[in-house]
Amino acid sequence: MSNDVLTRLEEVLEARKAADPDSSYVASLYHKGLDSILKKIGEEATETVMAAKDGEKEKIIYETADLWFHCMVLLSQQNIKADDVLKELDRRFGLSGLEEKASRKSD
């Protein structure tokens with residue numbers, strides 16, 4: 001299910017690149033540029049943290065969905081596929097977090 005949702009979302013986000021910024025929220029983000037997308041991700045990350053501090057499950061889910069959505073907008077804007085991120089997560093299976101972090105230091 002999750003890959004299907006990501007694939008469908010990627011298709012919509014890609015289509016919004018050609019949309020009129022006045023007719024689409026995503027198109028307006030693309031039009032405003034990277035800084036606006038990054039600002040939105042920062043806002044959504046803060047809202048996710050605040051929801052977690054409040055401890056309300058539904059609010060955490062809602063805010064996390066907003067955060068993931070805006071991260072997907074960033075990936076699309078940068079011409080990166082969600083599958084690239086999923087492959088990186090898959091690569092990390094079997095590694096401890098400490099091993100994975102140490103491997104980045106030697107790169």
(request) Take His70 and Ile37, measure what side chain to side chain contact (heavy atoms under 4.5 Å, CB included) needs, and give me the verdict at the end. (result) CA-CA 7 Å; His70 287 90; Ile37 295 168; 5.9 Å; no
- Query: Can Met72 be reached from Val12 by stepping across I, L, V, M, F, W or Y side chains whose heavy atoms are under 4.5 Å apart?
  - Reply: no
Only residue of Leu13, Leu38, Leu29 satisfying side chain to side chain contact (heavy atoms under 4.5 Å, CB included) with Leu74 is Leu38
dist Cys71:SG -> Ile41:CD1 (nearest 0.5 Å) comes out at 4.5 Å
- Query: Taking it one step at a time, do Glu10 and Val5 satisfy side chain to side chain contact (heavy atoms under 4.5 Å, CB included)?
  - Reply: CA-CA 8 Å; Glu10 271 185 336; Val5 171; over 6 Å; no
Hey, any chance Ile60 and Val49 share a hydrophobic cluster, counting ILVMFWY side chains that come within less than 4.5 Å of each other, even indirectly? no
Looking only at heavy atoms, the pair that brings Glu47 and Glu63 closest together is OE1-OE1, 3.0 Å
Worksheet entry | Cationic N near anionic O, under 4.0 Å, Lys39 to Asp35 | no
- prompt: Is Leu6 reachable from Val85 through a run of I, L, V, M, F, W or Y residues, each pair having side-chain heavy atoms under 4.5 Å apart?
  reply: yes
_Show, in sequence, the C-alpha distance, side-chain angles and deciding distance for Glu44 and Thr64, and conclude whether the side chain to side chain contact (heavy atoms under 4.5 Å, CB included) test is met._
CA-CA 8 Å; Glu44 297 303 342; Thr64 300; over 6 Å; no
Ala19 and Ala27 have their tightest heavy-atom pair at O-CB, 3.6 Å
Show me the donor-acceptor pairs within less than 3.5 Å that the side chains of residues 50-59 make with the rest of the protein, sequence neighbours left out.
unit_1: Asp54; atom_1: OD2; unit_2: Lys59; atom_2: NZ; d: 3.1

Given the options Ile61, Leu67, Asp66, Thr48 meets side chain to side chain contact (heavy atoms under 4.5 Å, CB included) only with Leu67
Please check if any side-chain donor atom of Ser76 sits under 3.5 Å from a side-chain acceptor atom of Tyr30, or the reverse. yes
Between the CH2 atom in Trp68 and the CG atom in Leu9, the distance rounded to the nearest 0.5 Å is 12.0 Å
Exercise for the section: Inspect the contact between Glu11 and Arg8 and indicate whether a charged nitrogen and a carboxylate oxygen are less than 4.0 angstrom apart. Expected result: no
So CG of Asp83 and CG of Leu75: to nearest 0.5 Å the spacing works out to 11.5 Å
Across all chains, not counting sequence neighbours, the side chain to side chain donor-acceptor pair (under 3.5 Å) partners of Lys81 are none
Item to complete: Look at the aromatic rings of Phe69 and Tyr25 and report parallel, tilted or perpendicular, splitting at 30° and 60°.
Response: parallel
